[in-house]
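Data first, discussion second: the structure below is written as structure tokens.
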Protein chains: 2
Amino acid sequence: MASDQTRSAILAAAERLYADRGFGDVTLRDIVAEANVNLAAVNYHFGSKDELIAELFVTRSIALNRERLAELKAAEEQGGGRPPIDVILRALVGPTLRGCLGPANQRSTAARFMIRASIESVPPIRRIKNREIDHLRKFAAAMRRALPNRSDEEIYWGLHFALAMAHHTIRESERLTKLSEGKCDLDDVDGIIERVVGMAVMGLTAGKAESKTPAKVAAR
Amino acid sequence: MASDQTRSAILAAAERLYADRGFGDVTLRDIVAEANVNLAAVNYHFGSKDELIAELFVTRSIALNRERLAELKAAEEQGGGRPPIDVILRALVGPTLRGCLGPANQRSTAARFMIRASIESVPPIRRIKNREIDHLRKFAAAMRRALPNRSDEEIYWGLHFALAMAHHTIRESERLTKLSEGKCDLDDVDGIIERVVGMAVMGLTAGKAESKTPAKVAAR
DNA sequence: TTGCAATTCAAACAGTTGTATGAAACTATC
DNA sequence: GATAGTTTCATACAACTGTTTGAATTGCAA
């Protein structure tokens, strides 16, 4: 056990490098150089490169799910167990968007790492990823309670599209800035969240007026 | 020059393998085995692995852009130069969705390769990708003409979200099927296209009724 | 201090990668 | 049918990968 210093230095360096450059071209030698530890330390502390990645992903995955669920639970408690749809969706996409966008200096390495993991499907992560399904189902259930008149199919498409807009905005933020010549403000995270949530709510509630809190149209 | 047989065998094999397994873990030896040619043939005909990938991407990129623009032009000619917004968006996302979804046996290798290229950002492709911006600008211009009352910012966000939903649906189609326990029919490509287009149009036209063809709400 | 386990380290290992080489086989022209 | 140019082939190469090894060092208990 001892200090754990080396161990966590490796974890931090690996997460930073993976978040920045992707899994494809980050070698163990890159990681140990960044962490200022010996090459063999990785295999000593983690067994293998894959197990290092897996531990990183499991840790962050649990943390993200916890963050999302905490936001959902908080809303359920103060909303009498049935929070409106926009609050649910905000709990789903908010944590990731806040972690990955906004001023460059305060973006979270953890969130950026998770986005990498959701893009580059490397074997050790692929094996774990199935748990995410169960996590998403909890949000689908909450959405169903908020929109009892919608079919399951509509619920799932709404959930899917909300994640689509959030993730794509993170992945292609640079391109969107370039394309729009800066007219789309990628630093206004809250604005983006409202935009994504508003859009998803609109799709989910179109044609029916069932929610007490109607879709917030076109954020900001 | 001669037969070009080897050359195109390599291109076809490489495209198929990259589309299936991504750039990360496809080696030159995998490619030449699939193509039944000698290892040295790749460097002889293309110079390097990167140049092979680049040629593949340039070819397919041009083809996809041509397909999209052809659909747009066709609509412009029969629509008097100003086609409605949903037709424009259909021309943008239709080709890729049709190529990547639907019955597994008739998916296009080319389209799946392009999705891979849009996900895994490998150096030779990254260098070329800037051209895509110019291509997307043409669609932004058409959208502006269809929705003259919308700000540029709204136009770009609409374009961005349309691509987000299309690409994410392709990338995560398996997860969506699993999550929804088959309730979301990923084989109904036209239905999906209408869903994506309908959603984007809704976001773009919310609050204002300016288009002759209002958003088709909730596809199918 | 002595002893023992945990940790670090430099070095080497075996495997795989993209690329280069030079001879062999082919193709077409004269 | 000899010749010149193109294409194929087996093989080798150098660089890089993750992993292992065994000795050195450290930290701590007796």
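Below, read A as the first sequence line, B as the second, and so on, with proteins coming before strands; counting in each chain starts at 1. In this text, all values refer to a predicted model and were calculated from it rather than measured experimentally.
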Interatomic distance where [atom1] belongs to [X] and [atom2] belongs to [N] [whole Å]:
X     : N      : atom1 : atom2 : result
B:R7  : D:dT8  : CZ    : C1'   : 16 Å
B:I31 : C:dT19 : CD1   : C1'   : 14 Å
A:L52 : D:dG18 : CG    : P     : 11 Å
B:F46 : D:dT8  : CZ    : P     : 11 Å
A:N43 : D:dT19 : CG    : C1'   : 5 Å
A:L28 : D:dT17 : CG    : P     : 9 Å
A:K49 : D:dT19 : NZ    : C1'   : 12 Å
A:R29 : D:dG18 : CZ    : C1'   : 7 Å

If the condition is ring-ring contact (aromatic ring centres under 6.0 Å, His included), which residues does A:F161 pass it with, not counting sequence neighbours?
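Here the qualifying residues are A:W157.
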Among all residues two or more places apart in sequence or in another chain, which pass the ring-ring contact (aromatic ring centres under 6.0 Å, His included) test with A:F23?
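If we apply the ring-ring contact (aromatic ring centres under 6.0 Å, His included) test to A:F23, skipping adjacent residues, the hits are A:Y18, A:F113.
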For DNA chain D, what residues of residues 9-27 of chain B have any heavy atom nearer than 4.0 Å?
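Going residue by residue through residues 9-27 of chain B, none turns out to have a heavy atom under 4.0 Å of DNA chain D.
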Sub-4.0 Å heavy-atom contacts from residues 35-42 of chain A onto DNA chain D, ordered by number:
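Here the set is A:L39, A:A40.
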Which nucleotide wins on minimum distance to the side chain of [X], given the candidates [options]?
X     : options               : result
B:H45 : D:dT7, C:dT19, C:dA12 : D:dT7
A:Y44 : C:dT19, D:dT8, C:dA6  : C:dA6
A:T6  : C:dT8, D:dT7, D:dG18  : C:dT8

Might you list the N or O atoms of the protein lying below 3.5 Å from N or O atoms in nucleotides 24-26 of chain D, with each pair's distance?
none

Show the atom names and distances, to 0.1 Å, of all donor-acceptor pairs under 3.5 Å that link a side chain in residues 102-111 of chain B to residues at least two apart or in another chain.
| unit_1 | atom_1 | unit_2 | atom_2 | d |
| --- | --- | --- | --- | --- |
| B:R107 | NE | B:C100 | O | 3.4 |
| B:R107 | NE | B:G102 | O | 3.0 |
| B:R107 | NH2 | B:G102 | O | 3.2 |
| B:S108 | OG | B:A110 | N | 3.2 |
| B:S108 | OG | B:A111 | N | 2.8 |

Give the intermediate values and the outcome of salt bridge (Lys or Arg N to Asp or Glu O under 4.0 Å) for residues A:E67 and A:K73.
CA-CA 10 Å; A:E67 195 178 347; A:K73 293 293 176 207; over 6 Å; no
List the residues meeting side-chain hydrogen bond (donor to acceptor under 3.5 Å, both in side chains) with A:T169, not counting sequence neighbours, and say none if there are none.
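Checked A:T169 against side-chain hydrogen bond (donor to acceptor under 3.5 Å, both in side chains); matches are B:H160.
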Which residues pass the side-chain hydrogen bond (donor to acceptor under 3.5 Å, both in side chains) test with A:R144, not counting sequence neighbours?
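Result, side-chain hydrogen bond (donor to acceptor under 3.5 Å, both in side chains) vs A:R144: A:D152.
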Using a 3.5 Å cut-off and no angle test, enumerate the donor-acceptor pairs between side-chain atoms of residues 30-40 of chain A and protein atoms at least two apart in sequence or in another chain.
| unit_1 | atom_1 | unit_2 | atom_2 | d |
| --- | --- | --- | --- | --- |
| A:D30 | OD2 | A:R21 | NH2 | 3.0 |
| A:D30 | OD2 | A:T27 | N | 3.0 |
| A:D30 | OD2 | A:T27 | OG1 | 3.4 |
| A:E34 | OE2 | A:R16 | NH1 | 2.5 |
| A:N38 | OD1 | A:A40 | N | 2.9 |

Do B:E174 and B:T177 pair up side chain to side chain, a donor and an acceptor below 3.5 Å, judged on atom types alone?
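No, B:T177 and B:E174 have no side-chain donor paired with an acceptor closer than 3.5 Å.
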Side-chain donor-acceptor pair present, B:E154, B:S151, cut-off under 3.5 Å
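Their side chains do not contain a donor-acceptor pair, so the 3.5 Å distance test is not met.
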So, using salt bridge (charged side-chain N to carboxylate O under 4.0 Å, His left out) as the criterion, who are the partners of A:E132 when residues are at least two apart?
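Testing A:E132 for salt bridge (charged side-chain N to carboxylate O under 4.0 Å, His left out), a comparison that skips the adjacent residues, returns B:R175.
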Is it true that B:R116 and A:E120 have a side-chain N and a carboxylate O under 4.0 angstrom from each other?
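Looking at A:E120 together with B:R116, the answer is no, because their closest N to O distance does not fall below 4.0 Å.
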Listed by chain and number, what are the side-chain contact (heavy atoms from CB on, under 4.5 Å) partners of B:R145, not counting sequence neighbours?
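side-chain contact (heavy atoms from CB on, under 4.5 Å) list for B:R145, sorted by chain: B:E76, B:R82, B:A141, B:A142.
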Going from CD1 on B:I192 to CG on B:L186, what distance comes out if it is rounded to the nearest 0.5 angstrom?
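Going from the CD1 atom of B:I192 to the CG atom of B:L186 covers 5.0 Å.
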Which atom pairs link the protein and nucleotides 24-28 of chain C when you take only N or O atoms and keep those under 3.5 Å?
none

Mind running side chain to side chain contact (heavy atoms under 4.5 Å, CB included) on A:F46 and A:I53 for me, showing each step along the way?
CA-CA 9 Å; A:F46 298 93; A:I53 295 180; over 6 Å; no
